[in-house]
Novice: 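The structure is given below, and queries will be raised subsequently.
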Amino acid sequence: MPELPEVETVRRGLTQLVEGAKVNTIDVLYPKMINVSEKEFKDVLQKHQIIRIDRRGKYLLFRFDNDMTLVSHLRMEGKYDVEPDGTEPTKHTHIIFHLDDNRELRYKDSRKFGRMYLVKNGDEKTLSGLGTIGPEPTDETLTFDYMKSIMNKARGKIKPFLLNQSNIAGLGNIYCDEVLWLTSIHPETQTNLITDEEIEALRKNIIAEIKMAIKGHGTTVHSYSNAFGEAGQFQNHLHVYGRKGEPCERCDTLLEKIKVAQRGTTYCPNCQRKVVE
DNA sequence: CACTATGTTCCCAC
DNA sequence: GGTGGGAACATAGT
């Protein structure tokens with residue numbers, strides 16, 4: 001389940017491996033994965049060079065030398081591998097970019113949930129997910145004033161609020177549970193009742209958590225690995241996610257798991273008290 | 001075999 | 001337009 005730190009780790013790995021590489025031909029084994037026809041996908045990208053790989057939230061943006069961008073979202077299980085030409089594709093291999101140096105960039109996805117979108121440079125905003133995406137969780141872009149203004153208007157629960165990518169880019173289920181525990185906020189607390197002090201603490205925890213997770217190359221839950229096939233190390237730092245029934249590290253109360261907006265949610269019933277009107 | 005869990009986005013109703 | 005409920009995606013696991 002790649003969230004922002006995992007996607008950033010993939011971006012860095014791919015930059016080392018394929019920045020500057022030229023795509024000779026492309027095999028599209030699962031056409032539903034792309035937003036244009038197989039023919040257009042190939043016609044636009046074949047014989048062109050990947051000049052840079054950017055990231056926005058959980059989206060990867062492959063910049064090509066013809067002013068086109070291939071936007072890629074990994075969703076739950078998507079991953080990229082770079083392999084020598086001619087390696088037998090697995091049943092989870094869906095797109096193969098044959099490079100001109102006897103290597104292949106392969107997109108694999110056991111759930112087939114991932115999607116790729118081909119757009120002109122600058123047209124990224126026309127995509128539903130990217131058009132309304134919120135600020136990146138960094139100290140410069142995620143300001144207290146912004147957080148306060150959107151949180152004071154929100155009447156729903158804080159957890160779905162944080163998962164909404166148009167509020168803040170990049171948080172998923174894992175880091176969401178983590179930052180709420182770190183800030184001692186119950187996931188079902190009504191967003192507009194969170195105090196200014198808590199907003200600032202939450203902001204700081206989000207920024208620090210994402211930064212630390214990127215440093216640790218992301219989380220390994222299920223089958224996540226980066227472009228080099230390395231597992232992330234961040235799972236060693238998780239305080240609540242996947243720890244239902246274990247004692248809270250702050251107060252020893254057993255962690256509980258509930259459903260919030262249909263998502264599994266682990267929290268400490270003692271130090272995360274619900275606040276509602 | 002039927003059902004459920006999984007994360008995210010999209011769609012619809014209020 | 002915010003909010004919530006549910007669908008869809010595809011598969012593995014029970």
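Each chain gets a letter, A, B and so on, in the order its sequence line appears, and its residues count up from 1. Keep in mind it's a predicted model, so treat the numbers as computed, not measured.
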Novice: For B/dG7 and A/Y241 - does any side-chain N or O of the residue sit under 4.0 Å from the phosphate oxygens OP1/OP2?
Specialist: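 Checking B/dG7 against A/Y241, a side-chain N or O does come within under 4.0 Å of OP1 or OP2.
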Novice: Between B/dT6, C/dA12, B/dT8, which nucleotide has the shortest distance from any of its atoms to the side chain of A/H73?
Specialist: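 Per side-chain heavy atoms of A/H73, the pick is B/dT8.
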Novice: Please report, rounded to the nearest Å, how far the P atom of C/dA12 is from the CD atom of A/E77.
Specialist: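 Between P of C/dA12 and CD of A/E77: 10 Å.
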Novice: Considering only distance and modelled atom types, tabulate donor-acceptor pairs under 3.5 Å from the side chains of residues 129-139 of chain A, sequence neighbours left out.
Specialist:
unit_1 : atom_1 : unit_2 : atom_2 : d
A/E136 : OE1    : A/R55  : NH1    : 2.9
A/E136 : OE1    : A/R55  : NH2    : 3.2
A/E136 : OE2    : A/R56  : NH1    : 2.9
A/E136 : OE2    : A/G57  : N      : 2.6
A/T138 : OG1    : A/E140 : OE1    : 3.4
A/T138 : OG1    : A/T141 : N      : 3.3
A/T138 : OG1    : A/T141 : OG1    : 2.6
A/D139 : OD1    : A/R203 : NH2    : 2.7

Novice: Contact class for A/K159 vs. all strands (heavy atom < 4.0 Å): base, sugar-phosphate, or nothing?
Specialist: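 It contacts nothing in the nucleic acid.
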Novice: With the side chain of A/A154 defined as its heavy atoms from C-beta on, choose the nearest nucleotide among B/dT9, C/dT3, C/dA12.
Specialist: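 Of the options given, the side chain of A/A154 lies nearest C/dT3.
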Novice: May I ask you to evaluate whether A/K58 reaches the phosphate of B/dT8, defined as a side-chain N or O under 4.0 Å from OP1 or OP2?
Specialist: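 So the side-chain polar atoms of A/K58 do come within 4.0 Å of the phosphate oxygens OP1 or OP2 of B/dT8, strictly under.
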Novice: From CG of A/D109 over to C1' of B/dT8, roughly how many Å is that when rounded to an integer?
Specialist: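 In whole Å, B/dT8 C1' lies 13 Å from A/D109 CG.
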Novice: Taking the minimum atom-to-atom distance to the side chain of A/Q165, which one of C/dA12, B/dT9, B/dG7 wins?
Specialist: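 Closest of the options to the side chain of A/Q165: B/dT9.
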Novice: Under 4.0 Å from OP1 or OP2 of B/dT9: is there any side-chain N or O of A/Y59 that close?
Specialist: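 Yes, such a contact exists.
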Novice: Tell me whether the OP1 or OP2 atom of C/dT11 has a side-chain N or O from A/K112 closer than 4.0 Å.
Specialist: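 Affirmative; the distance criterion is met.
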Novice: With a 6.0 Å cut-off (strictly less than), is the heavy-atom count around NZ of A/K42, excluding the residue itself, greater than 12?
Specialist: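 Yes - once you tally the heavy atoms of other residues, nucleotides and ligands closer than 6.0 Å, there are more than 12.
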Novice: Taking the nucleotide of DNA chain C with the nearest heavy atom to each, does A/F161 or A/H94 sit closer to the 5' end?
Specialist: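 Comparing both residues, the 5'-ward one is A/F161.
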Novice: Between A/E6 (CD) and B/dG7 (C1'), how many Å, whole number?
Specialist: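 After rounding, the gap between these two atoms is 13 Å.
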Novice: Out of B/dT9, B/dT6, B/dT8, which has the shortest distance to the side chain of A/L163?
Specialist: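 Of the options given, the side chain of A/L163 lies nearest B/dT8.
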Novice: Pick the closest DNA chain B nucleotide for A/L127 and for A/R111 by heavy atoms, then say which residue is nearer the 5' end.
Specialist: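 In this pair, the answer is A/R111.
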Novice: Between A/G264 and A/G129, which is nearer to the 5' end of DNA chain B once each is assigned its nearest nucleotide?
Specialist: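 It is A/G264 whose nearest nucleotide is closer to the 5' end.
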Novice: A/M76 CE to C/dA12 P: how many Å, rounded?
Specialist: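 Computing the A/M76:CE to C/dA12:P distance gives 12 Å.
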Novice: Quick one: do A/E198 and A/R273 make a salt bridge, cutoff under 4.0 Å?
Specialist: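 So A/E198 does not pair with A/R273 through a salt bridge.
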Novice: According to a strict under-4.0 Å criterion, is A/K259 in side-chain N/O contact with OP1 or OP2 of B/dT6?
Specialist: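 Yes, A/K259 has a side-chain N/O under 4.0 Å of OP1/OP2 on B/dT6.
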Novice: Which is it for A/F62 and A/Y80 under the ring pair (Phe, Tyr, Trp, His ring centres under 6.0 Å) test, yes or no, and what are the steps along the way?
Specialist: CA-CA 13 Å; A/F62 294 81; A/Y80 283 95; 5.5 Å; yes
Novice: Provide, to the nearest angstrom, the distance between the CZ atom belonging to A/R75 and the C1' atom belonging to C/dT11.
Specialist: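 That distance rounds to 15 Å.
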Novice: Atom CE of A/M151 to atom P of C/dT3: distance rounded to whole Å?
Specialist: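 Value for this atom pair: 12 Å.
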Novice: What is the separation between atom OH on A/Y175 and atom P on B/dT8, rounded to the nearest whole Å?
Specialist: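 In whole Å, B/dT8 P lies 11 Å from A/Y175 OH.
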Novice: Whole angstrom is fine here: how far is it from CZ in A/R263 over to C1' in B/dA5?
Specialist: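 In whole Å, B/dA5 C1' and A/R263 CZ are 13 Å from each other.
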Novice: When you compare the side chains of A/H48 and A/D65, does any donor N or O come within less than 3.5 Å of an acceptor on the partner?
Specialist: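 Checked: A/H48/A/D65 side chains pair up, N/O donor to acceptor below 3.5 Å.
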Novice: From the set C/dG5, C/dA12, C/dC9, return the single nucleotide nearest to any side-chain atom of A/Q262.
Specialist: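 Shortest atom-to-atom distance from the side chain points to C/dG5.
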Novice: Between A/H73 and A/Y59, how do the two ring planes meet: parallel, tilted or perpendicular, split at 30° and 60°?
Specialist: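 Geometry flag for A/Y59 against A/H73: perpendicular rings.
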